[in-house]
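Values reported hereafter were calculated over all heavy atoms of this structure, with side chains retained and with hydrogens, waters and symmetry mates removed.
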Amino acid sequence: MRHNKLSFIDRNTAELRKSIIHLLRRSLLYLALLLLSVFTLLPFLWLIISSLKPSTAIFSEIPRWIPRNVTLENYLWAFGPKGVDFLELFKNTLIVSSLSALLSGTLSSLAAYGLSRFRFPGYRITGIFILVFQMFTGPVVIVSWYNIAQVFNIYDTYIVLILAYTAFTSPVITWLLRGYFQDIPEALEEAALVDGCNKLQALYHVVLPVAAPGLITSVLFAFVLSWNDYIYALSLAGKNAKTLQVGIGELVGFFGQTQWGGVMASGVLTALPVVIIFIFLQKRLVSGLTAGAVKE
Amino acid sequence: MISIFSSIYSRFKENWVAYAFMAPLVIFLLIFGAYPVLNVIVLSFFKLDLYESFQRVFHGLAGYRKILFQDPHFWRVLSNTAIYSFGSTILQVFVGFLAAWLLSKKIKGRAIFRGIMLIPWVTPIIVVGIAWRWMLNPSVGMLNFYLSKIGIINNYIAWLGNETTIWPVLLIISTWKGYPYMALMMLAGIQDVPESLLESASMDGANALQKIRYVVLPIIKPILLITALTATLLTWNNFRFIYAMTKGGPGYSTTTISIYIQSRSFQDFKLGEGAVIATLSFLVLLAFTVVYIRRGGLEAQ
């Protein structure tokens, strides 16, 4: 009887200790995640807060987390004549990035479908060929792009940027899409073929609707990649096709000391479209990107 | 002879649908992917200086001799690139793994944490540059303010303005920007680790570090190696990060190969020399990749 009682107490304290340790571990885990999130978000948070302050308050020596006066003057400056001519740059970037994303999406979805459905002679080498061009982008080939732009007389036009962006996004997008297509059962198309569709019709009527979410994700990802480009726009565009990143970059140089507020507001506006797009496609994009890595 | 052609023809005929799907992208990439690479390599044997003339003049290896033996900055630039590329990748692997490990636990709000984490990754680099340069501002930046308040530093520091702090600071920011992608890839790998393996390791009295070392790492090794390789190559070629943070300065202290190619080609208009630097950079990368794949035992994949 006595023995039983003791062991009962023992068991209780053991369980108590266990649950305390568990609780401690959990709180440590959340603390670590919280710290990581703070480290991750702090610069942006501070950027947004600062962009909402009047210029006098921005340069105050003591960082104030909750602004006394919230103002949109910096945002108005960004849109105004002294700023970057935000709307013009926005228009350029939007046109170039969307058209390139569409072109890239079209070329890549055909190729990705081919890679996911057929085993043809030259399959491996074609796959490697497409992969390899992820390595040769940006600075390594920028001189050639300058030549291309001159030969075809397309320097400082939308066309040269669209072509350049498509060249660097399409390999990535192809691999992403191949993963999505592989997840679609071939039985679907076989049924369509039996019903008298040809392969292209089967792709159009049967596969594309099922693949639509993945396709949209990939096209938007291509859009974000193009939107975030710097080197091509810097080297291949002058006044007419100047993109947001380059425009804001020049702004930092000109007004780096005097107009931080305006610069910061322009920055927030530049980040906004891609961050919003990203929030919407986050889940699917993540599964697509990682599936490619795991399956390979 | 005829039989070879007819067999090629018949194989083509069997597979023409597949080729039709592949053709648009392959043709596009031949023109706008392969041609630019070949053109750079060819151009590297020519002298093309737009200030002097628009004509290219063949001069063999003279451009290489000039860059390798007479250029005052090339070797510095190369070592900067190595610091940047390897330094960021190693740090990103560590922080990325830590983040992935934390996120692999059963926690509430994992999607939210993951979403937060990925914001730096997706944000345009110029905005990242503005945000960090604002935090690091020598006179009114918050980093100086808080560090001096808690007594770690006495005088305000120009973090991006002097040679001692600039690389550590840049590597931290580069890690901040790049770790999310790394974490995602590794998270996918860690989630493939069978729960039962981890449980039996716990039964055997393994602590967290031992579990990582002996159970998790061997399983995610292939993903880890491939992702680290991709990250190294991408940072090596990354132009915009350094450009947005320091434009390669002060002096040449943070100029990397991509910055150097760009400024040689489009500020000095010595396109021939730009092509030489690009080709050399490409050769270094190729050598690194081959050695890495051999050493890492990635050939099988």
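Looking at heavy atoms from C-beta onward, Y179(B) lies in side-chain contact with L36(A) at the 4.5 angstrom threshold. The shortest distance between side-chain heavy atoms of L103(B) and L33(A) falls below 4.5 Å. Using a 4.5 Å heavy-atom threshold, the side chains of M117(B) and S37(A) count as separate. Side-chain contact between L234(A) and F239(B): present, with at least one pair of heavy atoms (C-beta onward) separated by less than 4.5 Å. Using a 4.5 Å heavy-atom threshold, the side chains of V274(A) and P124(B) count as touching. You'll find the side chain of T174(A) stays beyond 4.5 Å of the side chain of M22(B), heavy atoms only.
The shortest heavy-atom contact between L25(B) and A111(A) is CD2-CB, 3.5 Å.
In this structure, F44(A) has its ring center closer than 6.0 angstrom to the ring center of W176(B).
Counting heavy-atom pairs closer than 4.5 Å to chain A, the top-ranked of the candidates W132(B), W236(B), F28(B) is F28(B).
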Side chain to side chain donor-acceptor pair (under 3.5 Å) assessment of S50(A) paired with W134(B): CA-CA 9 Å; S50(A) 304; W134(B) 180 235; 2.9 Å; yes
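With hydrogens and angles ignored, the 3.5 Å screen pairs no side-chain donor or acceptor of N237(B) with any backbone N or O of V140(A).
Residue L43(B) touches chain A through its side chain alone, counting heavy-atom pairs closer than 4.5 Å. Only the side chain of L233(B) has a heavy atom closer than 4.5 Å to any heavy atom of chain A. Both the backbone and the side chain of F120(A) come within less than 4.5 Å of a heavy atom in chain B. Only the side chain of Y181(B) comes within contact range of chain A, judged by heavy atoms closer than 4.5 Å.
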